[in-house]
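Numbers restart at 1 for each chain; the letters A, B, ... are given by sequence-line order, proteins then strands. Here the structure is a predicted model, which is why all the values come from computation and not from measurement.
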Amino acid sequence: ARYRKVDEDFFEELEEVLITADVGVMTVMDFVDELKMEVKRRNIKETEEVKAVISEKLVDIYYGDEEDHIEQLHLSTEGLSVILVVGVNGVGKTTSIGKLAHRLKQEGKHVVLAAGDTFRAGAIEQLEEWGKRADVEVIKQREGSDPAAVIYDGIQAAKSRHADVLICDTAGRLQNKVNLMNELAKVKRVIEREVPGAPHEVLLVLDATTGQNALSQAKTFSEATDVTGIILTKLDGTAKGGIVLAIRNELNIPVKYVGLGEQMEDLQVFDPHAFVFGLFADMVEEDEDKDNE
Amino acid sequence: MAFEGLAERLQDTIKKITGKGKVSEQDVKEMTREVRLALLEADVNFKVVKDLINRIKKRAVGQEVMESLTPGQQVIKVVKEELTELMGGEQSKIAVADRSPTVIMMVGLQGAGKTTTSGKLANLLRKKHNRNPMLVACDVYRPAAITQLQTLGKQLDMPVFSMGTDANPVDIAVKAIEKAKEQHRDYVIIDTAGRLHVDENLMNELIDIKDEVNPDEILLVVDAMTGQDAVNVAKSFDETLDITGVVLTKLDGDTRGGAALSIKAVTGKPIKFAGMGEKLDQLEPFHPDRMASRILGM
Ligand SMILES: Nc1nc2c(ncn2[C@@H]2O[C@H](COP(=O)(O)OP(=O)(O)OP(=O)(O)O)[C@@H](O)[C@H]2O)c(=O)[nH]1
Ligand SMILES: Nc1nc2c(ncn2[C@@H]2O[C@H](COP(=O)(O)OP(=O)(O)OP(=O)(O)O)[C@@H](O)[C@H]2O)c(=O)[nH]1
Ligand SMILES: [K+]
Ligand SMILES: [Mg+2]
Ligand SMILES: [Mg+2]
């Protein structure tokens, strides 16, 4: 037979593939149960057809009640927009800011960056290098200074230069460090106070290599700063970042961009269909290999 | 709910058994099901869990559990023993070369914590082992990577060898060792750029460095929050470089850290140190038994 049968083996393999993509064991088991019912109800026999249903249903989980355009940035059309970038250590915040600055600049926006990571060795210099690459100005103070004060400076500078967008870098912090999370909340309050309606976006950067802890990251960072969107980085490796499905499902936070490398152009708008397909693409390819034999 | 400890997870199953007074094979099956879920929620790799569950099942249907008065406790004991065994004994030793300097190479994915751990390790070697290390900046790619290492070097008052970003990392490593010999440094810690295990060019660069400098220790630095992909990463780095050990970073977070188990299972290499914070004195020996408890949420 050219196509595999849709049997218990098929579902078991699907379970494995999705768990291996970090979707999370509970989410996967619920999903596969539902899929089995649907397959029975619609009397589906061929794997090709099931795959369409899998895609459809996973994309449904992703969108929930909302329709499209959830991946777009919500910037104000007049005056200064502020984007606050947060996340745990080493996920790709500073790099993503460089890429985003480049992207917004290409769209004709006047962008300014604020070097709010005053803690990590070399963090300010790293953002400055990205500022050079993207050809945007970086507002900074010395290492060790108060991050809220740097962000305040950044806002005043962006205002006086009539910039369209200010992107604020922050130091990486693990979500269980209460003091550091409070510090972040304070940074956000400064932004709220200085610019009405700001921050327009609070972007949580998640490393696609991360497992189930990403859900806890999303929860805690949201409590501290009302996260409005996710940048999912390092999708150019073999990790699939499946945990963002659970995050979307439980916390309703959409992914806005994906990081696909270390260069300035390696930031793309999130495409739920491509992402979902990627989650079980290995299984599809395997089947095609079998077909070709 | 996710992230319950294994003990809580087993509660319901145990209640049923307590009523009956005797454990059946079906009961054991239900208990191992809970163990499986707990391990998967802790990010232990799917295949590693599968093998582990098979071993646990075999022991659990034996008399040590079936005839126990506290079968739940007994299952937990079996699981913990299997996990600890798999994770290996304590081995936070660092190689010492017959002839100085001892060369240590730090490798791993982007953002795992290589540069920070290089600084921490240098600090530890000096403080605890009375050594005289030198740091080497071989990351010529990441913006300000050299500045980052130099800043750490300044904080530690420790020399950092660098040749800027235009030099070739292999040349930098070779020259660094010559310099270390001149200056009678007994340890050389080479910080390399983060790279994907599937990036052939950059993986080849590591092979070239290894071939030139013959490191006594190649440490794979892994983020404790890593999910299912940890096996692919660890396997590739180990197959390419034959690593000598692992450093697990960011264990000061609240992740269960099942990646530790996955890495140990696929490479067999010891996890030598745990990163417990961003500061330069926050590197600790790795304790396999504590890690087993942590993965199980106990
Ligand atoms: N392959 C790949 N690497 C990435 C991507 N995004 C970032 N990186 C790399 O990940 C590493 C960490 O990135 P940073 O931007 O410094 O991360 P960060 O979140 O700012 O880190 P801290 O400020 O230390 O918390 C760097 O080596 C980046 O080049 C991506 O999409 N793909
Ligand atoms: N909380 C915590 N943070 C850590 C630990 N180890 C490293 N970090 C942080 O993780 C981030 C990344 O660390 P780096 O040392 O720059 O990682 P790297 O592997 O050198 O990164 P690349 O060179 O970009 O590949 C930084 O913010 C560090 O401060 C740790 O054990 N605990
Ligand atoms: K990471
Ligand atoms: Mg940063
Ligand atoms: Mg580094």
Side-chain angles (χ1 to χ4, degrees), chain A residues 15-17 19-29 88-95 98 119-130 132-133 143 171-177 207-217 220 233-234 236-243 246 261-262, chain B residues 1-3 36-37 39-47 49-50 109-113 115-116 119 141-155 193-199 223-233 236 249-250 252-259 277-278:
Chain A
E15 204 178 288
E16 171 173 353
V17 165
I19 289 175
T20 307
D22 290 315
V23 175
V25 60
M26 291 305 180
T27 313
V28 171
M29 290 197 315
V88 299
N89 308 81
V91 285
K93 293 176 291 300
T94 308
T95 307
F119 178 76
R120 212 213 56 217
I124 298 169
E125 292 87 347
Q126 185 188 4
L127 191 71
E128 282 186 299
E129 175 59 32
W130 277 109
K132 259 187 227 145
R133 289 184 185 182
E143 195 177 320
R173 66 203 75 215
L174 298 179
Q175 71 273 21
N176 61 337
K177 312 262 161 118
D207 182 333
T209 341
T210 310
Q212 302 305 300
N213 191 252
L215 187 55
S216 147
Q217 291 171 25
T220 315
T233 60
K234 310 185 193 175
D236 46 328
T238 49
K240 300 286 168 57
I243 190 64
E262 301 187 77
Chain B
M1 195 40 220
F3 298 122
R36 175 176 180 266
L37 292 180
L39 292 173
L40 286 173
E41 278 176 1
D43 290 321
V44 182
N45 177 264
F46 188 90
K47 289 207 170 69
V49 170
K50 212 171 180 175
L109 293 184
Q110 288 95 343
T115 307
T116 310
Y141 308 105
R142 168 176 165 167
I146 298 175
T147 313
Q148 184 186 0
L149 194 68
Q150 282 169 337
T151 307
L152 297 180
K154 235 178 259 157
Q155 287 171 15
R195 64 202 74 213
L196 293 171
H197 52 295
V198 286
D199 187 330
D223 185 326
M225 295 175 276
T226 312
Q228 294 284 320
D229 203 39
V231 290
N232 300 324
V233 176
S236 302
T249 62
K250 308 179 199 173
D252 48 321
D254 60 6
T255 184
R256 278 279 160 83
E278 296 189 69

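- To the nearest 0.5 angstrom, T20(A) atom OG1 is 6.0 Å from N45(B) atom CG.
- Contacts between Q126(A) and chain B at a heavy-atom distance below 4.5 Å involve backbone atoms as well as side-chain atoms.
- Q212(A) has its side chain out of reach of M225(B): every pair of non-hydrogen atoms, C-beta onward, lies at least 4.5 Å apart.
- Top candidate by heavy-atom pairs under 4.5 Å with chain B, chosen from D22(A), L174(A), V25(A), is D22(A).
- A distance of 4.0 Å separates CZ of R120(A) from CD of Q148(B), quoted to the nearest 0.5 Å.
- The shortest distance between side-chain heavy atoms of R173(A) and E278(B) does not fall below 4.5 Å.
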Problem set entry | T151(B) vs E143(A), side-chain contact (heavy atoms from CB on, under 4.5 Å): CA-CA, chis, key distance, verdict | CA-CA 11 Å; T151(B) 307; E143(A) 195 177 320; 4.0 Å; yes

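- With rounding to the nearest 0.5 angstrom, the CD1 atom of I19(A) is 7.5 Å from the CD atom of Q228(B).
- Using a 4.5 Å cut-off between heavy atoms, Q150(B) makes no contact with chain A at all.
- Contact of K47(B) with chain A is made through the side chain alone, with heavy-atom distances under 4.5 Å.
- Comparing A121(A), G122(A), A214(A) by how many heavy-atom pairs each has under 4.5 Å with chain B, the most go to A121(A).
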For this session: Show the numbers, then the answer: is there a side-chain contact (heavy atoms from CB on, under 4.5 Å) between T209(A) and L109(B)?
Result: CA-CA 10 Å; T209(A) 341; L109(B) 293 184; 3.9 Å; yes

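- Here E128(A) pairs with I124(A), E125(A), V138(A), K140(A) under the side-chain contact (heavy atoms from CB on, under 4.5 Å) rule; sequence neighbours left out.
- For I146(B), no part sits under 4.5 Å from any heavy atom of chain A, backbone or side chain.
- In terms of heavy-atom proximity, N213(A) sits nearest to D43(B) at N-OD2, 4.2 Å.
- Interatomic distance, CG of N89(A) versus OG1 of T116(B), reported as 8.5 Å (0.5 Å rounding).
- Looking at every heavy atom in both residues, R133(A) comes nearest to Y141(B) through NH2-O, 4.2 Å.
- Residue contact with chain B, scored on non-hydrogen atoms closer than 4.5 Å, involves the side chain of K177(A) exclusively.
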Problem set entry | CA sep, side-chain torsions, deciding dist, call: M29(A), L37(B), side-chain contact (heavy atoms from CB on, under 4.5 Å) | CA-CA 11 Å; M29(A) 290 197 315; L37(B) 292 180; 3.8 Å; yes

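- When all heavy atoms of T238(A) and V198(B) are compared, the pair lying nearest together is CG2-CG1, 3.8 Å.
- Atom OG of S216(A) sits about 11.0 Å away from atom CZ of R256(B), to the nearest 0.5 Å.
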For this session: Walk me through it: do E15(A) and K50(B) pass the test salt bridge (Lys or Arg N to Asp or Glu O under 4.0 Å)?
Result: CA-CA 13 Å; E15(A) 204 178 288; K50(B) 212 171 180 175; over 6 Å; no

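- Of the atoms belonging to D252(B), heavy atoms from both backbone and side chain fall under 4.5 Å from chain A.
- In terms of the side chain to side chain donor-acceptor pair (under 3.5 Å) criterion, residue partners of T115(B) (sequence neighbours excluded) are, by chain and number, D191(B).
- Within the 4.5 angstrom heavy-atom criterion, only side-chain atoms of N232(B), from C-beta onward, approach chain A.
- Checked by atom type and distance alone, the side chain of K234(A) pairs as donor or acceptor with a backbone atom of Q110(B) at under 3.5 Å.
- Between D229(B) and A239(A) the shortest heavy-atom distance is OD2-N, 3.4 Å.
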